**Q** 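Here it is, the structure, as structure tokens.
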Amino acid sequence: MESHVIRNIICAVLSVVVLVVFGLLAYNYKANSSDEKSRLEAAIAEAKPYEDEVTSLKRAISSATDDFYDTSETARFVIGYIISSDDDITFAEEQAAEYGFEPVLVLDCSGTLTSLQCLALTASGSGHEIMLAASAFTAESNETIKSLMTYMDQRGIAYSEIFLLRTDYYSDENVELIISDGFSGYTVYNSTPTAGVNEDGYITFDYSYLTADATSYTRFSSSYSNYASMVIAFDMDSYRGGTLTKGFMETLLGTISSYSENDDCEFSTLSQVVENLLKENESMEEKQAEFDAYIAECEARIDELEDIIAEIYAGIY
């Protein structure tokens with residue numbers, strides 16, 4: 001009987017001890033949890049201004065990047081006429097007067113040197129810009145180009161430093177020939193109209209060589225939308241042949257004229273395009289340096305802040 005009572009007393013004492021131990025453990029756990037929670041809340045509060053600054057800097061980087069790659073400038077259209085007679089110059093001048101632009105007279109160096117020399121003299125007398133091109137860029141036409149340039153230089157006839165190079169003849173070899181002849185730039189047909197100074201320092205911009213009415217107006221709208229510069233070259237032989245009509249030309253010029261009512265589009269000259277592209281390129285180089293410096297400064301500060309934040313949270317464990 002006594003042993004039974006003793007066992008009950010021992011069990012009761014053990015139960016009490018267990019309850020006390022668990023109670024103490026529960027109390028300590030709750031106290032520790034509360035303390036840890038307090039430390040976490042304090043760490044969050046301490047880290048918040050640093051985290052807010054990180055968020056602000058990341059937004060600033062995103063905004064600066066959007067601004068840097070915003071190429072919004074001005075769409076510039078140069079209207080050229082590929083001439084083969086004095087009458088073509090008269091036609092060009094009449095259309096230019098009607099729509100308010102300065103025409104560019106394009107000499108196709110695929111023709112004979114003698115006829116080109118006569119056209120060059122007449123074109124120079126008109127006072128309009130002269131541009132050289134070659135509807136078929138061959139070794140023979142390249143020799144004609146060089147001979148014509150020599151002829152014009154000797155007589156003080158000015159011509160554009162931009163050569164109209166059609167896509168059919170665009171190649172590294174032909175570009176090298178053009179540059180070696182003394183040109184500082186050329187036109188190039190891109191899937192999306194672009195304009196600028198390439199990595200070799202040569203000026204390039206888009207063109208549309210029109211020989212028929214079939215060319216879509218979408219291309220000119222794309223040039224306008226991309227703020228690109230474009231030479232539109234009307235082939236007057238095609239006009240006389242009937243594949244390029246006056247109605248089509250007038251509709252196109254009217255479309256561009258309607259674009260030019262906005263501040264972001266204008267009729268231009270070759271020299272104006274070159275001048276603006278060079279200025280924009282110089283401005284872009286300065287802009288690039290400033291952009292890179294700003295991004296580097298922001299990223300360095302973000303790294304510094306993230307180290308501070310990591311140290312704050314490390315202290316709660």
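Owing to the predicted nature of the structure, the values given are computational and were not obtained by experimental measurement.
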**Q** Between the side chain of Ser147 and the main-chain N/O of Glu143, is any donor-acceptor distance below 3.5 Å?
**A** yes
**Q** Step through the shown structure and confirm whether more than 12 heavy atoms of other residues, nucleotides or ligands are within 6.0 Å of CD on Glu98.
**A** yes
**Q** Is the gap between the ring centers of Tyr186 and Phe163 under 6.0 Å?
**A** no
**Q** Could you please spell out the steps behind the ring-ring contact (aromatic ring centres under 6.0 Å, His included) verdict for Tyr169 and Phe137?
**A** CA-CA 6 Å; Tyr169 302 97; Phe137 196 93; 7.1 Å; no
**Q** Give the minimum heavy-atom separation between Ser160 and Met131, together with the two atoms involved.
**A** CB-CA, 4.4 Å
**Q** According to side chain to side chain contact (heavy atoms under 4.5 Å, CB included), who are the partners of Ser115, at least two apart in sequence or on a separate chain?
**A** Thr112
**Q** Between Ser110 and Asp108, is a side-chain hydrogen bond (donor to acceptor under 3.5 Å, both in side chains) present by the stated rule, with each step listed?
**A** CA-CA 5 Å; Ser110 301; Asp108 183 353; 3.1 Å; yes
**Q** What is the distance from atom CE of Met236 to atom OG of Ser84, rounded to the nearest 0.5 Å?
**A** 8.0 Å
**Q** Would you name the heavy atoms of Ala134 and Ser141 that are closest together and state the gap between them?
**A** CB-OG, 4.3 Å
**Q** Would you give the length of the straight line joining atom CG of Asp235 to atom CG of Leu210, rounded to the nearest 0.5 angstrom?
**A** 9.0 Å
**Q** Between CG of Leu164 and SG of Cys109, what distance do you get to the nearest 0.5 Å?
**A** 10.5 Å
**Q** If we check side chain to side chain contact (heavy atoms under 4.5 Å, CB included) with Phe205, which of these qualifies: Thr187, Val188, Val197?
**A** Thr187
**Q** Please tell me if the side chains of Met230 and Tyr224 come closer than 4.5 Å, counting only heavy atoms from C-beta onward.
**A** no
**Q** Taking the side chain as every heavy atom from C-beta outward, state whether Ile83 and Thr122 have any atom pair closer than 4.5 Å.
**A** no
**Q** Aromatic ring centroids of Tyr239 and Phe91 under 6.0 Å?
**A** yes
**Q** Within a strict 4.5 Å, meaning less than it, do heavy atoms of the Phe220 and Ile232 side chains meet?
**A** yes
**Q** So, does Asp264 use its side chain to make a donor-acceptor pair with the main chain of Tyr227 at under 3.5 Å?
**A** no
**Q** What are the two closest heavy atoms between Glu129 and Ser271, and how far apart are they?
**A** OE2-N, 3.0 Å
**Q** Could you walk me through whether Leu253 and Ile79 pass the side chain to side chain contact (heavy atoms under 4.5 Å, CB included) test, one step at a time?
**A** CA-CA 9 Å; Leu253 292 172; Ile79 310 301; 3.9 Å; yes
**Q** I want to check something: taking the side chain as every heavy atom from C-beta on, are His128 and Pro103 in contact at a cut-off of under 4.5 Å?
**A** yes
**Q** Less than 4.5 Å apart, side chain to side chain, heavy atoms only: is that true for Phe183 and Ile145?
**A** yes
**Q** Which pair of non-hydrogen atoms, one from Arg166 and one from Tyr209, has the smallest distance, and what is that distance?
**A** NH1-CE2, 3.4 Å
**Q** Which residues satisfy the salt bridge (Lys or Arg N to Asp or Glu O under 4.0 Å) test with Glu53, sequence neighbours excluded?
**A** Arg301
**Q** Would a 4.5 Å heavy-atom cut-off, applied to side chains only, mark Leu148 and Tyr159 as touching?
**A** no
**Q** As an exercise, state the distance from CG of Leu107 to OG1 of Thr144, rounded to the nearest 0.5 Å.
**A** 12.0 Å
**Q** If you draw a 6.0 Å radius around CG in Asp303, do more than 12 non-hydrogen atoms from other residues or ligands fall strictly inside?
**A** yes
**Q** Is it the case that the side chain of Tyr50 and the backbone of Asp307 share a donor-acceptor pair, with hydrogens and angles ignored and the cut-off at 3.5 Å?
**A** no
**Q** More than 12 heavy atoms of other residues, nucleotides or ligands under 6.0 Å from CD of Glu250: yes or no?
**A** yes
**Q** Where does the angle between the aromatic ring planes of Tyr81 and Phe234 fall among parallel (under 30°), tilted (30 to 60°) and perpendicular (over 60°)?
**A** tilted
**Q** Of all the heavy-atom pairs spanning Val273 and Ser268, show the shortest one and how long it is.
**A** CG2-OG, 3.6 Å
**Q** Before giving the answer on side chain to side chain contact (heavy atoms under 4.5 Å, CB included), spell out for Asp206 and Asn226 the whole-Å C-alpha distance, their side-chain angles and the decisive distance to 0.1 Å.
**A** CA-CA 11 Å; Asp206 204 54; Asn226 286 278; over 6 Å; no
**Q** How long is the straight-line distance from OG of Ser124 back to CG of Leu119, given to the nearest 0.5 Å?
**A** 10.5 Å
**Q** Going by side chain to side chain contact (heavy atoms under 4.5 Å, CB included), Val104 matches just one of Ile130, Leu270, Ile82, Val231. Which one?
**A** Leu270
**Q** Is the shortest side-chain heavy-atom distance between Ser85 and Asp88 below 4.5 Å?
**A** yes
**Q** Which pairs, with at least one residue in residues 172-181 and sequence neighbours excluded, count as a salt bridge (Lys or Arg N to Asp or Glu O under 4.0 Å)?
**A** none
**Q** State which residue, out of Ser223, Ser257, Ser229, fulfils the side chain to side chain contact (heavy atoms under 4.5 Å, CB included) condition with Phe77.
**A** Ser223
**Q** Between OG1 of Thr251 and NZ of Lys246, what distance do you get to the nearest 0.5 Å?
**A** 12.0 Å
**Q** Run Asn142 and Lys146 through side chain to side chain contact (heavy atoms under 4.5 Å, CB included) and show every step you take.
**A** CA-CA 6 Å; Asn142 185 244; Lys146 290 190 287 188; 3.7 Å; yes
**Q** Is any side-chain heavy atom of Ile61 closer than 4.5 Å to a side-chain heavy atom of Glu299?
**A** yes
**Q** Of all heavy-atom pairs between Leu105 and Ser126, which one has the smallest distance, and what is that distance?
**A** CD1-OG, 3.5 Å
**Q** Given side chain to side chain contact (heavy atoms under 4.5 Å, CB included), test Tyr151 with Leu113 step by step and report yes or no.
**A** CA-CA 10 Å; Tyr151 174 85; Leu113 180 59; 5.7 Å; no
